[in-house]
Amino acid sequence: MKVPSNILPRSFYDRPTLTVARELLGALLVRVEDGVRIAGRIVETEAYVGESDLGCHAKAGRTPRTVIMYGEAGRAYVYFNYGMHWMLNAVTEAEGFPAAVLIRAIEPSEGIEIMASRRGKQPRARWTDGPGKLTQALNIDKSFSGVDLCSRESSLWIETGKSISDENVTIGARVGLNNVPEPWNSVPWRFLVKTRE
DNA sequence: AGCACGATTAACT
DNA sequence: GTTAATCGTGCTC
């Protein structure tokens, strides 16, 4: 028997961003396309917190691009970067405070054939081990910007997964931030599950 | 209207 | 280790 889906509620996201980033590890990112589930366990996240965080897009204030981060928690913030990649974030904290968690990597678990058709040129371990790669595998683009991750109607949500103990979590500095001044370049706001067999 | 740059990836040497 | 690909965004003129 299949266990009923358990979609993370808005109250999960309406908390401190670092807490959400940590607890999203082990959760299941689910995309439904043509009635088929494509999913994977979240294994890497990063927190972006407020206008004072100079690594966060919200440092520019409320603009057409960042306005979603100022909205209610539990929505998807999807943006385009480097002229070719879509990035998926979950908006966190109270409405009016701009913050989000970047989903950086998942481990494929459902919809393997569909992911293979999109990412099959690479070995399976490389299908979804980067933020631009997982959006490619799950077919996520700008049309998902602002959708409600707490609703089944979005065809994109996150379910409770197995919890990850502290001993299996590595915490470090965020990656890919160029020309971002300290301390923002070094704050340990990156969370990843230690890979193991 | 023009410009520099970026929360990256894949294909090189 | 290095670098091209590629374009939306926000800032300056």
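Labels below follow one simple rule: chain letters A, B, ... track the order of the sequence lines, proteins then strands, and each chain is numbered from 1. Only a predicted model underlies this, so the values are computations on that prediction, with no experimental measurement involved.
A 3.5 Å limit on both hydrogen-bonding distances identifies no Watson-Crick or G-U partner for C/dT6. Using Watson-Crick or G-U wobble geometry with both donor-acceptor distances under 3.5 Å, B/dA7 finds no partner in any strand shown.
Residue A/N89 is in base contact, counting any heavy-atom pair closer than 4.0 Å across all strands shown. Within the 4.0 angstrom heavy-atom criterion, only backbone atoms of the sugar-phosphate kind lie near A/G132; the bases stay farther away. At a threshold of 4.0 angstrom between heavy atoms, the contacts of A/R119 are confined to the sugar-phosphate backbone, with no base atom among them. Looking at heavy-atom distances under 4.0 Å, A/L177 makes contact with sugar-phosphate atoms alone, never a base.
Of the two residues near DNA chain B, A/V180 and A/Q136, the one whose nearest nucleotide lies more 5' is A/V180. Residue-to-nucleotide proximity on DNA chain B shows that, of A/N178 and A/Q122, the 5′-proximal contact is made by A/N178.
Per the geometry, CZ belonging to A/R174 stands 14 Å off P belonging to B/dG6, to the nearest Å. Put simply, CZ on A/R190 is 15 Å from P on B/dA7, counting in whole angstrom units. Rounded to whole Å, atom P of B/dA7 lies 19 Å from atom CZ of A/F191.
A salt bridge does not link A/K133 with A/E44: none of the charged nitrogens is closer than 4.0 Å to a carboxylate oxygen. Using a 4.0 Å cut-off between charged side-chain N and carboxylate O, A/R15 and A/E93 make no salt bridge. Checked for salt-bridge contact, A/R118 and A/E113 miss the test: no charged N lies under 4.0 Å from a carboxylate O. Of the charged side-chain nitrogens involved, none lies within less than 4.0 Å of a carboxylate oxygen, so that A/D129 and A/R124 do not count as a salt-bridged pair.
Ranking B/dT9, B/dT8, B/dA7 by closeness to the A/C56 side chain, first place goes to B/dA7.
Using a 4.0 Å cutoff on non-hydrogen atoms, no part of residues 18-31 of chain A comes near DNA chain B.
One finds no side-chain N or O of A/K121 lying less than 4.0 angstrom from the OP1 or OP2 phosphate oxygen of B/dA10. Side-chain nitrogen and oxygen atoms of A/R126 include none within less than 4.0 Å of the OP1 or OP2 phosphate oxygen of B/dT9. Look at A/N179 and you won't find any side-chain N or O under 4.0 angstrom from OP1 or OP2 of B/dC5.
Each salt bridge (Lys or Arg N to Asp or Glu O under 4.0 Å) pair with one or both residues in residues 52-67 of chain A, not counting sequence neighbours, appears once here: A/D53-A/R174.
The structure places CZ of A/F80 at 13.0 Å from OG of A/S145, a figure rounded to the nearest 0.5 Å.
Ring centers of A/H57 and A/Y48: at least 6.0 Å apart, outside the cut-off.
Donor-acceptor pairing under 3.5 Å is recorded for the side chains of A/N168 and A/S165. In summary, the side chains of A/S154 and A/D148 do not present any donor paired with an acceptor at a separation below 3.5 Å, with no hydrogens or angles considered.
One N or O on the side chain of A/D141 and one on the backbone of A/S143 form a donor-acceptor pair closer than 3.5 Å.
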**Study point:** Protein-to-nucleotide contact annotation, 5' to 3' order, nucleotides 5-13 of chain C [B base; S sugar-phosphate only; - none; under 4.0 Å, heavy atom]
**Key:** BBBSSS---
